Amino acid sequence: MRRTRPRLIGALATALLATGVGAGPPAQANSAPAATTSAQTAPAPAKKQPTLAELARRQGRYFGSATDNPELTDTAYTALLGREFDMITPGNGMKWYATEPRQGVFDWTNGDEIVGLARAHHQRVRAHTLVWHSQLPDWLTGRDWTPDELRAVLKKHILAEVGHYRGKVYSWDVVNEAFNEDGSYRDTLWYRTLGPGYIADALRWAHQADPRAKLYLNDYNIDGVGAKSDAYYRLAKDLLARGVPLDGIGLQAHLALQYGYPATLEDNLRRFSGLGLDTALTEVDVRMQLPADAAKLATQAQWYRELTAACLAVRRCVGVTVWDYTDKYSWIPAVFPGEGAALPWDEQLRPKPAYAAIRQALGGGQPLS
Ligand code: G3I
């Protein structure tokens, strides 16, 4: 698979340079030496700089992006997505509402489209997500279930979905967002009806359906050490002691400039490694109050540099995924009015200072001129 990549990247890079995609001028004035300064002097294709994926691979890591089906008609967007990353997460296409819209009726259309695109670009897939309280179909949330009924529904869904993608995905976010901020279990359909044992059950069923997929628990606000990440630490330790198939903890890392950088991120990654688990930064974005300005973008770049370096510093941190790569398709403005500009590329697909900072952290140095 990897043997064909340089040729593919070369072809894509040539096409991108021809259209100017990914090589435009900086989004905002900034003090950081952005990747874009080189673009102003029109770099020659022969001097093509390594992609984030290539830089990450040299460090034994991947660098990924989420994507979503409606965006895939945007050819400039998909070209950059196919070029710069080596791990893809479907932002919505594999969630329950999309994959089992009616009970027992499965629809793999959106997930398959993204897996197909990833394969065409020789990228792997972090599959997301099997058990969550959000984006569930009405048939599931609109009635009461006995524990036996719901357990059967969950088992069938996991076996069907993981079975469908068996051998085609690198990992699964098996359970997403299971805890509250104080470390207590989140009161979800699953917890309410099945008790905390649903997590071990889900992991076992996923393992049964695809023994080679890496199985993760994934959450936000567990980037630093604290009550919520402590809950994952305790749970992971307990699951491993009981022989439950758990491979990793996903730290979503939805960060916001106004709340500060999670200074204990590296320590936190390291303690999960100490349990023998993989870790990954799975949904990274760094939002800010709009409008963006040079100072905010510089701070954002510094955070991207630091979180990338934190992952590199911890052996079992396997990679970093941004929650889509361009502000054009970020989920932030719809959910946090007045906030945004969270990703390393701006809405015109121009790299921001954060892009250069990530490159630097990955050992890429300054862009070629
Ligand atoms: O499917 C409907 C479409 O029919 C309708 O026209 C459109 C109008 O707004 O909405 C569409 O649904 C949207 C859906 O994404 C698919 O695009 C929902 O409104 C929107 O709320 C939903 O947002 C997703 C969000 O999860 C839901 O919580 C985001 O795209 C997705 O990026 C986000 O991802 C989550 C991770 O799965 C878990 N961690 C947090 C992260 C951010 O919220």
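Remember, it's 1-based here, ligands and their atoms both numbered in the order they're listed. FYI, the numbering just counts along the sequence from 1. All figures in this text were calculated on a predicted structure; none of them were measured in a lab.
For the residue pair Asn176 and Gln252, a side-chain donor N or O sits within less than 3.5 Å of a side-chain acceptor on the partner.
Every atom of ligand 1 is numbered from 1 in the order shown, and the set under 4.0 Å from a heavy atom of His128 is 36 (C), 37 (O), 38 (C).
With a 4.5 Å cut-off between side-chain heavy atoms of Ile, Leu, Val, Met, Phe, Trp and Tyr, the cluster of Trp323 takes in Trp331, Ile332, Val335, Phe336.
For atom 41 (C) of ligand 1, the closest non-hydrogen atom on the protein side is Glu283 OE1, 3.4 Å. Taking atom 14 (C) of ligand 1 as the reference point, the nearest protein heavy-atom neighbour is Gln135 NE2, 3.9 Å. At the top of the distance list for atom 34 (O) of ligand 1, counting protein heavy atoms only, stands Trp323 NE1, 3.2 Å. Atom 24 (C) of ligand 1 has as its closest protein heavy atom Asn92 OD1, 3.5 Å.
Under 4.0 angstrom from ligand 1, the non-hydrogen atoms of Asn176 all belong to its side chain.
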Stepwise side chain to side chain donor-acceptor pair (under 3.5 Å) check, Gln59 with Arg61: CA-CA 5 Å; Gln59 309 278 353; Arg61 308 299 200 280; 5.9 Å; no
Test side chain to side chain donor-acceptor pair (under 3.5 Å) applied to Ser184 and Asn180, step by step: CA-CA 5 Å; Ser184 58; Asn180 294 313; 3.0 Å; yes
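Paired with Leu281 under the rule side-chain contact (heavy atoms from CB on, under 4.5 Å), one option of Thr308, Val322, Val320 passes, and it is Val320.
With Lys95, Glu177, Glu71 as candidates, the residue nearest to atom 35 (C) of ligand 1 on a non-hydrogen basis is Lys95.
Aromatic ring orientation, Tyr62 versus Tyr170: perpendicular (interplanar angle above 60°, classes split at 30° and 60°).
Contact annotation for atom 20 (C) of ligand 1: protein absent (non-hydrogen atoms, distance under 4.0 Å).
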